[in-house]
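Okay, so here's the structure we're looking at.
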Protein chains: 2
Amino acid sequence: MANMNIKDFAESLGISTATVSRAIHGSGRVSAATRERVLKSMDELGFTPNLHAQQLVRGRSGMVGLAFPEQGKVLADLFFAALAHAMQQELQDNNLGLMLNLMEREESQENLLKQWACSQAVDALVLVTGTPSASLLARLPQVPTVVIGHAACHQFPHVACVVLDLEQGIRSVARLFVEHGHSSIGYIGNTDDSALAVFRTSLADAGITLKACNVAASGSHPSEGSMAAMRLLQQANRPTAIFARTDMIAMGIFHAASALNLAIPGDLSVAGHDDIDLASWTAPPLSTVQINYKSIASHTVALIKRLLSDHHQLEPVHISTSLVVRETIGSSSTAA
Amino acid sequence: MANMNIKDFAESLGISTATVSRAIHGSGRVSAATRERVLKSMDELGFTPNLHAQQLVRGRSGMVGLAFPEQGKVLADLFFAALAHAMQQELQDNNLGLMLNLMEREESQENLLKQWACSQAVDALVLVTGTPSASLLARLPQVPTVVIGHAACHQFPHVACVVLDLEQGIRSVARLFVEHGHSSIGYIGNTDDSALAVFRTSLADAGITLKACNVAASGSHPSEGSMAAMRLLQQANRPTAIFARTDMIAMGIFHAASALNLAIPGDLSVAGHDDIDLASWTAPPLSTVQINYKSIASHTVALIKRLLSDHHQLEPVHISTSLVVRETIGSSSTAA
DNA sequence: CTGAAAGCGCTTACAG
DNA sequence: CTGAAAGCGCTTACAG
């Protein structure tokens with residue numbers, strides 16, 4: 001019952017290991033009869049090639065490492081979960097495997113990444129990070145890497161980019177807020193993020209100024225979102241509509257609004273970003289910017305494959321977003 | 001700059017590969033001076049042992065595969081995220097690695113599990129599943145396996161169990177509902193789950209009957225929770241308190257309550273289970289049963305290690321739960 | 001179409 | 001304390 005190796009397996013069929021190998025992989029000429037016999041016997045005798053031997057001889061692991069640098073509790077945000085899901089599906093379809101890096105401390109996460117790359121546990125890395133940090137890339141081993149972020153990065157020949165174009169979705173949020181008569185509008189989220197700039201510009205185009213006192217920095221954990229919302233909403237001239245950089249932050253805003261007895265969308269309009277699974281099921285359902293996770297994953301894997309076959313200087317791929325309107329945006333008249 | 005192998009590395013130090021290997025792993029006698037020189041040179045020359053060669057020669061991958069069978073979108077529930085997190089931390093501390101199975105279709109998930117085990121990509125499996133399904137275990141290769149569930153399973157010598165004792169936490173929920181004067185009480189969740197039986201018994205002990213019409217079957221996605229809640233809450237004699245089998249279901253109840261204009265906890269009390277990250281940040285914050293994820297992870301890894309060193313027939317480890325009271329449970333008088 | 005043999009990069013008895 | 005050599009289980013030129 002113990003695991004059988006290719007030698008024993010070949011012997012019991014009375015053929016060579018070379019033929020077994022070729023039959024399994026369909027490479028090189030093998031007679032149809034032999035191939036069939038091998039394939040059938042694999043099930044019967046219970047032979048599966050040892051992965052590590054294959055990886056060693058091929059000089060490839062067939063694995064790609066996925067990480068979300070500069071994030072604390074990675075999976076606490078369903079955004080990451082959605083992306084991880086999409087990535088594993090796509091990788092599997094391409095005969096590749098996923099190694100997910102869930103380390104919490106930034107340092108542990110980075111160490112694991114290095115360990116993976118240096119020991120050749122993975123062939124490539126995928127980094128999901130708002131603004132691709134050149135210094136992180138410089139610290140990491142120069143393995144094929146694709147960065148999923150909001151801007152392209154051109155410094156390194158071994159890295160390709162998938163650029164999540166925030167513009168379209170966020171513009172729609174700004175437009176919709178303004179169309180509903182809001183003029184005191186807020187933003188909660190990472191303030192270094194390009195999303196803030198896009199939001200501010202979109203508002204300006206519609207004649208509205210995003211005031212500094214209505215911008216609150218926050219990580220993407222609901223607790224931080226809630227605290228930031230408290231600050232914004234307790235001002236004399238509080239915003240009547242807030243754009244949350246992530247849906248998780250929006251959850252925090254719901255919490256704060258409830259504590260302050262503000263109804264959504266009656267007293268306060270809210271829009272989120274990411275369209276996580278939960279967004280359709282908040283009370284009321286959250287209007288948010290949708291991301292096509294599948295599309296990101298498939299482009300990412302395509303880039304990895306090209307990077308692995310020695311292509312360099314790949315053009316960034318752009319993915320755009322769009323707003324899904326649900327029930328958290330109301331008119332300002334009610335609020336005022 | 002290319003990856004250097006142990007032979008070249010040893011040569012450039014003028015020593016043998018055997019000595020390098022021993023210096024790195026601290027096994028066998030090596031002079032302190034040599035060891036130090038090797039360790040220092042690893043950084044300088046950039047040598048890291050090839051993982052696949054190590055795995056091949058050791059006959060161990062050092063990896064454990066984690067899966068959540070009988071679940072659809074695994075990470076859509078933060079419960080799984082929390083557990084996956086805790087597992088990777090714990091494995092890392094024990095020089096082991098994590099392979100996370102995120103396949104959606106049950107069949108794909110099972111296939112990946114088999115592939116991992118048969119190809120020796122993983123040394124052991126961890127299955128998180130309510131009621132350990134003997135048939136699944138029978139279908140899977142007989143590698144060391146630990147099942148995290150609600151009941152022990154004794155059928156197989158290669159599987160050990162971590163039993164999540166639902167009793168304590170759920171009893172507290174029942175007691176608290178009753179203490180608040182509720183008598184029409186509901187349950188939403190998996191109806192095959194032992195949680196339902198525990199809840200029913202606890203209620204009975206307090207003199208309350210859990211009526212069949214107040215029990216609604218539901219998966220742990222908020223959408224299902226919401227639909228189930230709609231059914232329960234639109235009855236003539238609707239429940240005034242509902243226990244949700246998972247926090248995600250509780251999210252769905254929030255959604256339904258909002259649609260029906262029922263205030264929580266004014267008109268409806270709710271308790272969840274799992275204490276996911278988000279539970280403290282719902283509006284209002286959710287009372288829910290807390291699980292010690294770290295403890296589960298550390299016991300699981302301990303069991304794996306024993307299983308790997310050829311121990312069999314290990315006693316199940318029990319982990320108990322407790323209720324965290326937040327703001328979703330009110331008295332029935334208000335509701336009535 | 002098939003087989004014998006070399007080699008992937010390590011570790012670990014076995015000698016010394 | 002250290003080295004030469006065998007071997008882990010595959011794949012892939014190289015012959016035939």
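We name chains A, B, ... by the order of the sequence lines, and we start the count at 1 in each one.
Checking the phosphate oxygens (OP1, OP2) of D/dT2, a side-chain nitrogen or oxygen of B/T34 falls inside 4.0 Å. Note on B/N5: a side-chain N or O is less than 4.0 Å away from OP1 or OP2 of C/dG9. Contact between the side-chain N/O atoms of A/Q54 and the OP1/OP2 oxygens of D/dG9 is not found at any separation under 4.0 Å.
Contacts between residues 6-25 of chain B and DNA chain C, defined by a heavy-atom separation under 4.0 Å, are made by B/I6, B/T17, B/A18, B/S21, B/R22, B/H25.
Using a 4.0 Å heavy-atom cutoff across all strands shown, A/S119 reaches no nucleic acid atom at all. Within the nucleic acid shown, B/V30 comes within 4.0 Å of sugar-phosphate atoms alone, with no base atom in reach, counting heavy atoms only.
Counting heavy atoms from C-beta on, the side chains of B/L125 and B/V64 never come closer than 4.5 Å. With a 4.5 Å cut-off on side-chain heavy atoms, B/V163 and B/V317 do not count as touching.
Look at the P atom in both D/dT2 and D/dA6: the space between them is 23 Å, to the nearest Å. For the P atoms, the distance linking C/dA5 with C/dC1 amounts to 23 Å, nearest Å.
Nearer the 5' end of DNA chain D, as judged by each residue's closest nucleotide, is the contact made by B/A32, out of B/V57 and B/A32.
Atom CE in B/M42 sits about 11 Å away from atom P in C/dC10, given to the nearest Å. If you take CE of B/M4 and P of C/dG9, they are 12 Å apart, rounded to a whole angstrom. Between B/R29 atom CZ and D/dG3 atom C1' there is a gap of 17 Å when expressed in whole angstrom units. Here D/dC10 presents its C1' atom at 14 Å from CG of B/N50, a figure rounded to the nearest Å.
Taking CG of A/L102 as the start and CG of A/L112 as the end, the distance is 9.0 Å to the nearest 0.5 Å.
Between A/R139 and A/E110 a salt bridge is recorded (basic side-chain N to carboxylate O distance below 4.0 Å).
The neighbour count for B/K114 NZ, taken as heavy atoms of other residues, nucleotides or ligands under 6.0 Å away, is above 12.
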I'd like a table of donor-acceptor pairs (distance under 3.5 Å, sequence neighbours excluded) in which one partner is a side-chain atom from residues 33-48 of chain A, with atom names and distances.
residue, atom, partner, partner atom, Å
A/T34, OG1, A/S31, OG, 2.5
A/R37, NH2, A/L13, O, 2.7
A/S41, OG, A/R37, O, 2.6

With both pairing distances under 3.5 angstrom for Watson-Crick or G-U wobble, and | for a partner in another strand, the correct string for DNA chain C is |||.||||||||.|||
